[in-house]
Structures are given as structure tokens and as C-alpha cells.
Asker: 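I'd like to ask you about the structure that follows.
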Amino acid sequence: MLQNMIKTDENKAKFVAEFEARRKIVVMKHRAAQISIVLILGLILGVSFYTSGFFITNYGTDPMSRIGDLLNKMIPDLEPQNLLKGRSQSGSIASWFYDMPTWLSLLSQTVQIALVATIFGSVLGFFASLLASKNLSPLPWLHWSSRRVLEIIRTLPDLIVALILVAAFGVGPLPGVIAIALGTTASLGKLFSEANETIDWRPVEAVKAVGGGWWTQIRFGVIPQVLPNYASYALMRLEINVGAAAALGVVGAGGIGIELSRAITYTEFDTYLALLILIVGLIFIIDIASEAVRHHLIGLKLAR
Amino acid sequence: MLELKSVSKSFGSKAAVKDVSLAIPVGSMVGIIGRSGAGKSTLLRLINRLCDPTEGKILWRGQPISELKGAKLNQWRARCGMVFQQFNLSPRLDVLTNVLIGSLARQRGLGPLFKVFPIEERARAILELHSIDMEEVALQRCSTLSGGQQQRVAIARTLMQSPEIILADEPIASLDPANSQNVMETLAGINRDRGITVLVNLHALDIARRFCARIIGMNDGQIVFDGPPDALNAAVIDRIYGRQFVENITENPSQMEVKDTLEAVA
Amino acid sequence: MTTINPYLNLSRQDLIAKAIAIAPKLVSIPISRRLLNYGVWVLAALAFALLCKNVDMTPAVFAKGFKNLLRFFGGMFPPEAAGQEIRILSALAATFAMAVSGTFLAIFGAIPLGLLGAKTLVKQPLAHFLIRRFYDVFRAIPALVWALILIVAYGLGPFAGVVALAFADIPRLAKLYAEAIENCDPKPQDGILAAGGERVAILRFGLVPEVLPVMASQSLYVLESNFRHAAILGIVGAGGIGFELEERIRIFAFDQVAWIVIAYVICVMLLDTISEKIRSHLIHG
């Protein structure tokens, strides 16, 4: 009896020792992995900060006070007693937003650029998505290659494209429209094709069984299913595009951006702030409107 | 006459239909029975050419249809109506448009892509809907209808094709008994009144016996029975459904109807 | 027996007359509704045409631009670095380094703001609403707009670019982090609470393991988009590849532009693929 007890105790101790040893190895492996991840990340960050010249850029004495100075310059000299007076009175809001008619028309141009680009981008993106979705593409290699083409376009920043287009088309809103439409086509082409790949195949098969051609299969089998998704993606893209169109003017591609770079060139920092407020307000309004429509669309989708 | 000459179909290494030869006269109503996975569905899909035979020939009125391609293939599909187990309607389109889809193979030009159909097609769609008592819901979305109603809309869509033959793939498998009865009566009526050849896949034996003058039994991709309902005896049913299945019937209430038939036969 | 279709032998008129007898409104759509339908389309088309005209989308402008564009494309082949490979590649490296640095700074800034913006941590509804709207306001400002003003403060060079990327991303990431925290499964936290855990323990063992992979994946996603934004910033003077590109576009050296663009696209696709791999690893384990 006693002999046995000792034996089991010994066994127990042995078992515990074994377990502890194994646990140690596991913990150490885990540690090693964690440490190497931290080291790699640190290395990447160090190299990045060094390569980007973050530390060697000569920005004078104190970065915080510099930005403080600038913020100070951006705040307009408003005088409470003159706040609501006319444009010629310094210290009034009207004199701060002194070129409102021009700015409003440029803001409207910004929205129009975004709208036209989103419409063209959605239509082209739809056709691209038909080629790029696995289940609809007429030929397998076309599916693969159109996907790659869309990916390549997506890597190109819209402002770089706009820069080239401004050189070709001259200063004006059209290069901006084409640049944004191109980016929209690529990103919506991908999103639409993902929507296409999740459809219920049965209605498509029915149209096929009726003797309908490829286009009719798309029209009556696919589109009714994906249209709400398409609309909500396109609206989301519209929100993004308004922001992009606001920046385009910097390279001469139309919209409010041109006033932004003018304000900087003439060191009108308070004007810069005024423009910023206008842009943020615009994007805010577009976002809220589009969000409302999108929620409505989602409601429609759930109701079916 | 619909003729199948040693038709085989395999998906990869798995054979779904093995060396099937058949001759079905124009105007007949034929029930195809068998367990799920026996190759009934594949057989109908081969005839409509939703899939291509690996071997063999299919002829309709002497014309080979197993080699058709492109526009010719679409023309054949238009002459050959298909009714599906899950109805395969577009749920977000209204009933009338779903029925009009049946006329698509006849349409030329861009009109249909904008849902603009000629007035006589609309008129025909309404008459077809009227013949199944569904004209009142013509502008409702299909998703709002019950299963039985949806299947009748799907039949109206098929009728819009002016088909010479209708292939129904388990048309009542997703329906309750009352709707099943209704849909089967509609199919039988189409066969009787219009002389359209109907091939219908069923797994319920009693329904097949009631509505079809000729029954084809399939098991494991092969035809194991072909004859009138009266010739279905216990041995034949055993061959179609397999010994295992018949023994399991008593434990599975959903298959009681088969058992009842078996007892009646015995 | 022949196939009979009861409606096939009817003449067109009879067919229509019969259908009208059953459901008059379905057969022919009333003129008023048809006009309304077409009217909506016509109005939409007119509005669209007006929009196109307003953004200079006219055949004349198009034709002229496309002629130039074709000439540019002709000039792109063969792509050529004109002996400046080292300079271009180091500018590329600087651009990607700018993206990484900017994202890193943004992550630091966004973590406390993300916590602050999460409904689970700041429960007061009005405060939550105001904080999130505040982020939304700043989210609307693109990095380029920040860069324009920061270059005034810090002079030309990547420092302003890095800070601009960070400023633009902090509210974006803060929102994403806040959503990640809100969407996190509360069951592990309940478990720790039930086991008698302190608030800190709940955060450390209930929340952090749940949200950390999601947050990391979203940070990587922002990093991917920053590879593109960083390239833009050079145009306004933050250095890197954007500057090199702009310089060459201005002198119409399109063979070099093509070389740079190809090198850039290859690098971005490579980095995207790596980042996507890590992201899917983070999410799916």
C-alpha cells in the first residue's frame, strides 16, 4: 500500500516536472516570436523614419511652437462689435469669407466633378465587374486579366493621374473628372464584382433555360439582385470623391482646391481656414445625405 | 418524338447518367422517379442543354439538339420549357416581368433590356397569368408570393415560351400537399389541352401514378424501369429505390406514402 | 397530336382585346404614366448633359486632350530612367518610408481617441455623439490639404508630409478603432466580470485580445492607402516620388514618367500583397 502511494507520488512529481518543462518551451517559443516581431517592427520603423528624413528635416527650433504660430495666423481677426457688418468692414465675418460667390461656385464645381466622375465610374465599373467576376466572365482568362488591370489602376493615386491629364487637357475640371472616374471605375469594378459573385444563381439559370442570351441573363438574372448593393457602393464612393475633388484644384484640375493653393501662395492663412470650413461643411452635408439614402436602401434590401 | 441515344454524363470521375436510351412520343406525359442522386435532374438538364452530354445523342423530332451552339442553342432552349424545384424567379422583379422573361428569346433590339416589351407580349403574359388565376398579383414582387403561387408563375413563364416540351425538375418538392396537387393538375392540364409533351421528375410515387401515363424509374444513373403505372410492382419499386430504402420506409414517416403504395401493390 | 397554343393562332388585335377585357390597366400603360416615366428619364438625361457641360466635358476639349494624351503615351515607350535609377528608387523608398512613419504616428494618436470614441467606454450618449461627430469633421480633411499648410510651418521636406499623413489618419483610425471596440464580443468580458475581475483585468484580458487583431488589420489597411497618399504629397513639396514625377511631367519627359509609374505600381502591388497576407492572417488566425 505505502509502496504504491510513494510510487504514485513519484509519478505525480515526474508528471508535474515534465509538464513544467514542456510549458517552459512553449512559453519561450511564444516569447521568442513576440520579441522577433517587435524587433522587426522596430527595424522597419527605424528605417522608415530615417529614410523619410523625418529627423533631419530642418524645421527650425520647436515644432510645436511653429504649428502654434501658424494656427494663430489662421484664426481671423474678428471683432465682436463688427461681426455682422459688411465685407468692407474689417473684423466682420463677411470680410473673412470675402470671396464667397467665387468660393460657392467652386464648391458647386467640386460637387459636379464628383457627381459626373461617380456616374461615369459606376457605369464603367459595372461593365468591368461583369468581366472581373468569376461566375459571369465569358472567358476565364478575361476574368483574371481584368482583375489585374483593375488592381493596377487602383494603385495609381488620382492626383498623379490628374497631373498627367492636366498636362494633356489643360487647366480645367475635365482632367479632374477623368482622373476620379478612373479610380472610381477600378474600385467599384472590384466591389461590384464581389457583389456579383455572391448572387443566387437560380434566376440566372432560369433566364438561360428560357433561351435568353448573355445580356438578358445579366439584365434579368443578375441586376435585380445586386442593384441595391451597387447603389450603396456608388454612394459611398461619391462621399470619397467629393473629398478627392476638393483637393484636385491644387494641381489645376478644377474645384475649390485652386483657391486653397492660392490662399497658401498669398499667405492668406485666415482664408485657408475659411475654405477649410467650407470644404468640411460640404463633405459633411454630402455624407449625411448619402448616409440617409444608403440606410433607406439597406431597409429596402431587408424588406424583400 | 424525343430520342436519347446512349446518353452519358459524368462530372469529373463521377457518372451521373449512364448510357440512357429513351424514346418519348410527342404529346405524352412522363413521370421520372427515383431517389435523389439517381440522375433525374441531370437527365432533364441534358435535354434542355443546361449541361452538355459527355457521350451520346439527343434528338427532338429528328433534329439533333445535343450539338447545338450559340443562337441555335438559345432557340432550342426557347422551344423547351423548364420548371425548377425552387421556381428560379427573380424575387425583386414583379410577377408580370417574370412571366415576360419567358418571351425573351423572341425579342430583338434593346427594348427588353429596359424592361420595355411589345404590347402583344404583355397581352399574352396577362392571358397566361389569367389562365392560372394570377392576374391580380401581376404587379407584385415575386418575393411576396407563396411557394405554390411562385411555382405557378414559373409555369406561366414557361408557357410564354410557347414550348413544344416542358421539363419539370421536382416541381412540387418544395410545396405543401394542396399546392402540389394544384401544380400537378396545372401541368397535366397543359399536357391535355395544349398537347405539350411533359417530362416531370418526382420522388413521390403516388403522384407519379396518378398523373402520368408512363413512368420511368432511374437508379444510379440508369433506367431500371419504363412502363405504365400498373406495371409498378414491389420488385420494380425495390429495383428503383433499393432494398435499403424500402426497409427504412417504416422508420421514416415522410416516406410513408411510398410504403402505402407498396402495400397497395402487394 | 400537335402542339396547340391557345394564344398563338390569335391575331395581334384579338390577343390585345382579350387581355384588355381581363385587365385593362396592365396591358397598355396609361399615357400619363408613360409620359411621367419618359419625363423622368428625359429630365435626368438633361441634368446629366448640363453637368457634363459644366465640367468641360465637350467633344472639342476631349478631342484636343486625347490627341495630347496619345502623344504622351507614344512618348512613354520605351520607359527609360535616364541614368537616374538610384535617385528614383531612393525617392520611392522615401515615399513608402513616409507612409510607414505617418501611419505609425497616427496609430499612436488614434489609440486614446479610439477608446474615447467607443460607446462601451464613454457611455453618455450626447458625449459619444459629439466626440464621433468631431472625428467626422476632421476625417473630411484630406492629407493633401494638411500638407499644404504644414509645409508653410515646417518648410519643404518629408517632415511636413509625415505629419500631414498622421493628421489625416488620426480621426480615420480613431473612428475605426472605436467601431472595433464597440463591435467586440462582450462575452469574454462578462466572463471575467463573473469571475470577479477588476475593471483593468476586464480590459486587459477581455477587450484587448479581442480588438487587437482587428485594430492591427485596420492599421495595415490605412497603411496601404497611405502608400498612395504619400506619393501625392510630393506634388506640394513633401519630397519623395510625387516630386520626381511632377518634375518630369512638367518637362514632358514621359519615358521617365512611365519608368517611375511602373516601378511605383510594382512596389505598391507587392506591399499590398504582403499587407493583405498579414491582414487575413490576423483576422482568420
Side-chain angles (χ1 to χ4, degrees), chain A residues 44-45 47-55 57-60 63 66-67 69-70 74 109 112-113 115-116 119 151-152 155-160 163-165 167-170 172-178 243-244 246-247 250-251 254 257 260-261 264 267 269 272 276 279-280 282-284 287, chain C residues 48 51-52 54-57 61-62 64-66 68-69 72 90 93-94 96-101 104 136-138 140-142 144-145 148-155 157-163 227-229 231-232 235-236 239-240 242 245-246 249-250 252 257 261 264-265 268-269 272:
Chain A
I44 291 175
L45 283 173
V47 170
S48 292
F49 276 105
Y50 178 77
T51 319
S52 68
F54 185 77
F55 298 117
T57 307
N58 185 14
Y59 45 76
R66 286 210 143 218
I67 196 117
D69 279 355
L70 191 72
M74 282 173 84
Q109 192 182 46
Q112 292 179 31
I113 291 173
L115 259 177
V116 176
I119 292 169
E151 259 169 39
I152 289 173
T155 62
L156 295 174
D158 45 7
L159 251 100
I160 301 283
L163 209 59
I164 297 175
L165 290 170
F169 288 82
L174 184 60
V177 171
I178 301 176
V250 175
V251 297
L260 277 175
S261 56
I264 289 291
T267 63
F269 297 118
Y272 197 80
L276 224 80
I279 293 173
V280 167
L282 173 73
I283 294 179
F284 215 63
D287 274 13
Chain C
F48 185 63
L51 271 179
C52 287
N54 282 354
V55 296
D56 275 0
M57 197 169 261
V61 184
F62 243 111
K64 188 188 127 235
F66 265 103
N68 286 334
L69 213 52
F72 292 176
S90 59
F96 294 131
M98 207 149 83
V100 173
S101 312
F104 181 71
D136 282 345
V137 167
F138 279 92
I141 303 174
L144 190 81
V145 175
L148 273 174
I149 194 85
L150 286 167
I151 278 167
V152 176
Y154 298 130
F159 185 86
V162 172
V163 178
F227 291 147
R228 294 151 177 81
H229 290 149
I232 289 172
I235 299 173
V236 295
L245 264 173
E246 197 206 10
I249 291 169
R250 289 222 187 287
F252 297 101
V257 170
V261 167
Y264 170 80
V265 167
V268 172
M269 286 181 87
D272 276 3

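The basis for the numbers below is simple: all heavy atoms, side chains too, and nothing from hydrogens, waters or symmetry mates. Order of the sequence lines sets the chain letters (A, B, ...), proteins ahead of strands, with each chain counted from 1.
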Asker: I'd like to know whether C:I141 forms a side-chain contact (heavy atoms from CB on, under 4.5 Å) with A:I279, so could you lay out the CA-CA distance, the side-chain angles of the two residues, the decisive distance to 0.1 Å, and finally the verdict.
Answerer: CA-CA 8 Å; C:I141 303 174; A:I279 293 173; over 6 Å; no
Asker: Non-hydrogen atoms of chain A under 4.5 Å away: do they reach the side chain of C:F227, the backbone, both or neither?
Answerer: neither
Asker: Side chain from CB out, backbone as N, CA, C, O: work out which of these in A:L159 comes under 4.5 Å of a heavy atom of chain C, or both, or neither.
Answerer: both
Asker: Could you look at A:I283 and say if it's the side chain, the backbone, both or neither that has a heavy atom under 4.5 Å from chain C?
Answerer: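 Only the side chain of A:I283 comes within 4.5 Å of chain C.
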Asker: What pair of heavy atoms forms the shortest contact from C:S101 to A:F49, and how long is it?
Answerer: CB-CE2, 3.4 Å
Asker: I need the A:L174 CG to C:F62 CZ distance, nearest 0.5 Å.
Answerer: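 Rounded to the nearest 0.5 Å, the CG-CZ separation comes out at 5.5 Å.
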Asker: Hey, are the side chains of A:Q109 and C:N54 touching, using non-hydrogen atoms and a 4.5 Å cut-off?
Answerer: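 Counting from C-beta outward, A:Q109 and C:N54 never come under 4.5 Å.
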Asker: With chain C, which of A:I113, A:I164, A:V47 has the greatest number of heavy-atom pairs at distances under 4.5 Å?
Answerer: A:I164
Asker: Does any non-hydrogen side-chain atom of C:V145 lie less than 4.5 Å from one of A:V250?
Answerer: no
Asker: I'd like to check A:F169 versus C:N68 (side-chain heavy atoms, cut-off strictly below 4.5 Å). Are they in contact?
Answerer: no
Asker: Between atom CD1 of C:I235 and atom CG of A:L163, what is the distance when rounded to the nearest 0.5 Å?
Answerer: 5.0 Å
Asker: Are the side chains of A:F269 and C:V152 in contact, using a 4.5 Å heavy-atom criterion?
Answerer: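 When only atoms from C-beta onward are counted, A:F269 and C:V152 do touch, with a gap below 4.5 Å.
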Asker: Is there a side-chain contact between A:E151 and C:D272, using heavy atoms and a 4.5 Å cut-off?
Answerer: no
Asker: How far apart are the closest heavy atoms of C:D56 and A:G172, and which atoms are they?
Answerer: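 That closest heavy-atom pairing would be OD2-CA, 4.4 Å.
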Asker: So which atom in A:T155 and which in C:Y264 form the shortest heavy-atom distance, rounded to 0.1 Å?
Answerer: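 A:T155 and C:Y264 have their closest heavy atoms at O-CE2, 3.2 Å.
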Asker: For C:A231 and A:P157, which heavy atoms make the closest approach, and how far apart are they?
Answerer: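 Residues C:A231 and A:P157, closest heavy atoms: CB-CG, 4.0 Å.
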Asker: Need one label for C:L51: side chain, backbone, both or neither, based on atoms under 4.5 Å from any heavy atom in chain A.
Answerer: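 Interface part for C:L51: both.
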Asker: Counting only non-hydrogen atoms closer than 4.5 Å, does A:F284 touch chain C with its backbone (N, CA, C, O), its side chain (CB onward), both, or neither?
Answerer: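 Answer is side chain: those atoms of A:F284 sit under 4.5 Å from chain C.
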Asker: Where does C:V265 contact chain A at under 4.5 Å (heavy atoms): side chain, backbone, both or neither?
Answerer: both
Asker: How about A:L260 and C:L148: do any of their side-chain heavy atoms sit closer than 4.5 Å?
Answerer: yes
Asker: Please find the pair of heavy atoms, one from C:G242 and one from A:I160, that lie closest to each other, and give the distance.
Answerer: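 Here C:G242 and A:I160 meet closest at CA-CD1, 4.4 Å.
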Asker: Looking at A:I44, A:V116, A:D158, which one has more heavy-atom pairs under 4.5 Å with chain C than the rest?
Answerer: A:V116
Asker: Is A:L282 close to chain C through its backbone or its side chain, or both, or neither, when contacts mean heavy atoms under 4.5 Å?
Answerer: neither
Asker: Please classify the contact between C:F138 and chain A as side chain, backbone, both or neither, with a heavy-atom cut-off of under 4.5 Å.
Answerer: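 Neither part.
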Asker: Under a 4.5 Å heavy-atom cutoff, which of C:V137, C:I151, C:V261 has the most pairs with chain A?
Answerer: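 Answer, by heavy-atom pair count under 4.5 Å with chain A: C:V137.
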Asker: Please determine, among C:M269, C:K64, C:M98, the option with the most heavy-atom pairs under 4.5 Å with chain A.
Answerer: C:M269
Asker: Which one wins on heavy-atom pair count under 4.5 Å against chain A: C:L150, C:I149, C:L144?
Answerer: C:I149
